[in-house]
Amino acid sequence: MELATTMPSDTRQQFGDLLERHRGIVFKVANTYAWHQDDRADLAQEIAAQLWRAFPSYDPARSFSTWMYRVALNVAISFVRSDVQRQRHAVPLDEGLHDVASESTNHETDQHLRALHRFIAGLEPLNRALLLLYLEDNSHREIADILGISESNVATKLGRLRQRLRDHIA
């Protein structure tokens, strides 16, 4: 990579440390936006590559995880858009859900989990990102910063998503 030779080694080390500390974000986003194992791996790799390319523009005065989410979600949304153009067929969000559900003895809980995963898989990319961030207990302010929308817009969209989810599960 061209940046590898032009970026100072201390900056490369700083990037590596930050990426390692927050790598869960890459995998959460990849798992939320890609349903096939190979696609998840490709998306995670593309997110990491884009983070590397964008790192020189990172402002250390801001939260790294917020910046990382923003980059990762932008890459994932582009991935979904290109995936739609290829007309791939979607499979459940979490392939492991079938194993978990089959081990469970609570049929009602299994149905709710499947309904939730179908709901999430059917969301538009921005709403999927919004729900992912909300389910990870991010504040409205953090979600607004990551997605580049206002806090009031976050609250409105979350309220609508909760109603859509209630309607979907009912």
Side-chain angles (χ1 to χ4, degrees), residues 1-100 113 116-149 153-154 157-158 161:
M1 213 181 267
E2 185 179 316
L3 287 177
T5 59
T6 60
M7 194 179 286
S9 63
D10 59 329
T11 303
R12 288 193 305 258
Q13 181 65 43
Q14 178 188 18
F15 174 79
D17 292 346
L18 288 167
L19 183 62
E20 181 61 31
R21 191 174 325 133
H22 299 283
R23 71 188 194 147
I25 292 171
V26 173
F27 295 115
K28 288 174 194 171
V29 171
N31 287 331
T32 300
Y33 284 86
W35 296 281
H36 301 290
Q37 185 174 352
D38 291 340
D39 289 342
R40 283 193 300 266
D42 289 347
L43 180 54
Q45 187 69 29
E46 182 57 32
I47 290 169
Q50 185 57 37
L51 287 165
W52 172 255
R53 286 189 290 271
F55 190 66
S57 68
Y58 165 64
D59 177 5
R62 300 188 55 113
S63 164
F64 182 78
S65 62
T66 298
W67 175 82
M68 187 177 195
Y69 260 121
R70 181 173 274 196
V71 171
L73 289 169
N74 283 333
V75 171
I77 289 169
S78 294
F79 174 85
V80 168
R81 287 182 180 143
S82 69
D83 193 42
V84 167
Q85 291 172 352
R86 289 189 305 255
Q87 296 296 319
R88 285 193 161 168
H89 297 283
V91 295
L93 180 64
D94 182 359
E95 293 170 353
L97 174 64
H98 297 291
D99 298 333
V100 172
L113 278 174
L116 177 62
H117 283 269
R118 278 193 307 271
F119 176 76
I120 292 170
L123 290 175
E124 309 80 32
L126 178 64
N127 284 335
R128 198 178 307 165
L130 182 68
L131 191 56
L132 168 71
L133 295 168
Y134 175 74
L135 291 173
E136 290 187 358
D137 292 326
N138 286 287
S139 71
H140 286 190
R141 176 174 287 296
E142 291 169 320
I143 294 170
D145 286 346
I146 291 166
L147 297 179
I149 60 178
N153 200 353
V154 168
K157 287 181 176 294
L158 283 173
L161 277 173

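Numbers here are sequence positions counted from 1. Values in this document were obtained by computation on a predicted structure and should not be read as measured data.
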Original post:
Do Val26 and Leu51 have side chains that get closer than 4.5 Å, going by heavy atoms?
Top reply: yes
Subject >> Partners passing salt bridge (charged side-chain N to carboxylate O under 4.0 Å, His left out) against Glu46 (at least two apart in sequence or in another chain) >> reply: Arg53
Subject >> Atom pair CE/CD1 of Met68 and Ile47 - distance to nearest 0.5 Å >> reply: 8.5 Å
Original post:
For residues 119-143, which residue pairs qualify under ring-ring contact (aromatic ring centres under 6.0 Å, His included), counting only residues two or more places apart or in two chains?
Top reply: Phe119-His168
Original post:
What residue pairs, at least two apart or across chains, pass side-chain hydrogen bond (donor to acceptor under 3.5 Å, both in side chains) with a residue in residues 13-24?
Top reply: Gln13-Asp17
Original post:
What residues, two or more places apart in sequence or in another chain, satisfy side chain to side chain donor-acceptor pair (under 3.5 Å) together with Ser63?
Top reply: Ser65, Thr66
Original post:
Got Phe79 and Asp39 here, is their nearest side-chain heavy-atom distance under 4.5 Å?
Top reply: yes
Original post:
side chain to side chain donor-acceptor pair (under 3.5 Å) with Asn127: which residues, sequence neighbours excluded?
Top reply: Glu124
**OP:** With sequence neighbours left out, write down each residue that passes side-chain contact (heavy atoms from CB on, under 4.5 Å) with Leu147, or none if nothing qualifies.
**Re:** Leu73, Leu126, Ala129, Leu130, Leu133, Ile143, Ile149
**OP:** Apply side chain to side chain donor-acceptor pair (under 3.5 Å) to Glu136 and list each qualifying residue two or more places apart in sequence or on a separate chain.
**Re:** Tyr69
**OP:** Heavy atoms only: give me the nearest Gln50-Val71 pair and the separation to one decimal.
**Re:** CG-CG1, 3.8 Å
Subject >> For Val29 against Ala72, the heavy-atom pair lying closest together >> reply: CG1-O, 3.7 Å
Subject >> Considering all heavy atoms, the nearest Leu123-Arg128 contact >> reply: O-NH2, 3.0 Å
Subject >> Interatomic distance, Ile146 atom CD1 to Ile25 atom CD1 [nearest 0.5 angstrom] >> reply: 7.5 Å
**OP:** Go through the structure and list residues passing salt bridge (charged side-chain N to carboxylate O under 4.0 Å, His left out) with Arg141, not counting sequence neighbours.
**Re:** Glu151
**OP:** Please answer whether the main-chain N or O of Asn31 pairs with a side-chain N or O of Arg40 as donor and acceptor at a distance below 3.5 Å.
**Re:** no
Original post:
Can the ring centres of Phe64 and Trp67 be said to be less than 6.0 Å apart?
Top reply: yes
Subject >> Partners passing side-chain contact (heavy atoms from CB on, under 4.5 Å) against Asp38 (at least two apart in sequence or in another chain) >> reply: none
Subject >> Approximate separation, where rounding is to 0.5 Å, of Leu19 CG and Phe55 CZ >> reply: 9.5 Å
